[in-house]
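Notes to accompany the following structure.
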Amino acid sequence: MESDKSFFEKVYEVVRKIPPGRVTSYGAIAHYLGTRSSARMVGWAMNQSHTQADVPAHRVVNRKGMLSGKHHFGGPRVMQQLLESEGIRVTDDQVIDFNKVFWDPSLELANERIPISVKEIK
DNA sequence: CGATTGACCGAAG
DNA sequence: CCTTCGGCCAATC
């Protein structure tokens with residue numbers, strides 16, 4: 001079972017499954033892992049994500065769709081460029097149409113079917 | 001070992 | 001919309 005894997009490893013695994021042109025939030029990942037309240041740990045996992053490979057951390061933003069961790073990519077421009085390169089519109093450190101590009105692991109991975117879930121963001 | 005910090009979230013005022 | 005607060009847990013000081 002996944003019990004062998006650390007919390008961080010689970011986070012990395014989910015992040016790797018984020019399809020191009022999509023983004024998710026720390027809370028969504030935390031919720032998917034069953035630790036909704038530990039969204040901060042997801043952030044910490046991303047901080048250590050540099051130790052892992054193929055972890056598109058740029059597809060993970062906070063619940064507002066803001067590029068909160070852009071400074072951790074080696075430059076404040078890197079994250080935005082990576083997202084725009086995937087077709088995601090970013091303006092002023094915020095993802096445009098966040099509700100449309102939002103990818104919720106607890107929904108997409110649970111059913112393993114067609115993506116695109118129009119989730120309402122407050 | 002105690003206190004602080006952190007790529008967060010949600011509720012309350 | 002804003003700020004403040006509590007919670008959660010690991011890494012760092």
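Values below: all heavy atoms of this structure, side chains included; hydrogens, waters and symmetry mates excluded. Numbers restart at 1 for each chain; the letters A, B, ... are given by sequence-line order, proteins then strands.
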Task: Which residues share a side-chain contact (heavy atoms from CB on, under 4.5 Å) with Gln94(A), sequence neighbours left out - done: Met66(A)

TODO: Please determine, by modelled atom types, if Glu86(A) and His58(A) share a side-chain donor-acceptor pair under 3.5 angstrom.
DONE: yes

- [ ] For Asp93(A), enumerate each residue passing the side-chain hydrogen bond (donor to acceptor under 3.5 Å, both in side chains) test, keeping only those at least two apart in sequence or located in another chain.
- [x] Lys70(A)

Open item on the list: A side-chain contact here means heavy atoms from C-beta on lying under 4.5 Å apart; do Val101(A) and Leu83(A) qualify?
Closed with: no

Open item on the list: So does Ala28(A) get a backbone contact from the side chain of Ser25(A), meaning a donor-acceptor N/O pair under 3.5 Å?
Closed with: yes

Any protein N or O atoms within reach of nucleotides 5-9 of chain B? Criterion: under 3.5 Å, listing atom names and distances.
residue, atom, partner, partner atom, Å
dG6(B), O6, Arg40(A), NH1, 3.2
dG6(B), N2, Trp44(A), NE1, 2.6
dG6(B), N3, Trp44(A), NE1, 2.5
dA7(B), OP1, His72(A), NE2, 3.1
dA7(B), N7, Asn47(A), N, 2.9
dA7(B), N6, Met46(A), O, 2.4
dA7(B), N6, Ser49(A), OG, 3.3
dA7(B), N3, Tyr26(A), OH, 3.4
dC8(B), OP1, Ser68(A), OG, 3.2
dC8(B), N3, Arg40(A), NE, 3.1
dC8(B), N4, Arg40(A), NE, 2.9
dC8(B), N4, Arg40(A), NH2, 2.3
dC9(B), OP1, Arg63(A), N, 2.9
dC9(B), OP2, Arg63(A), N, 3.1

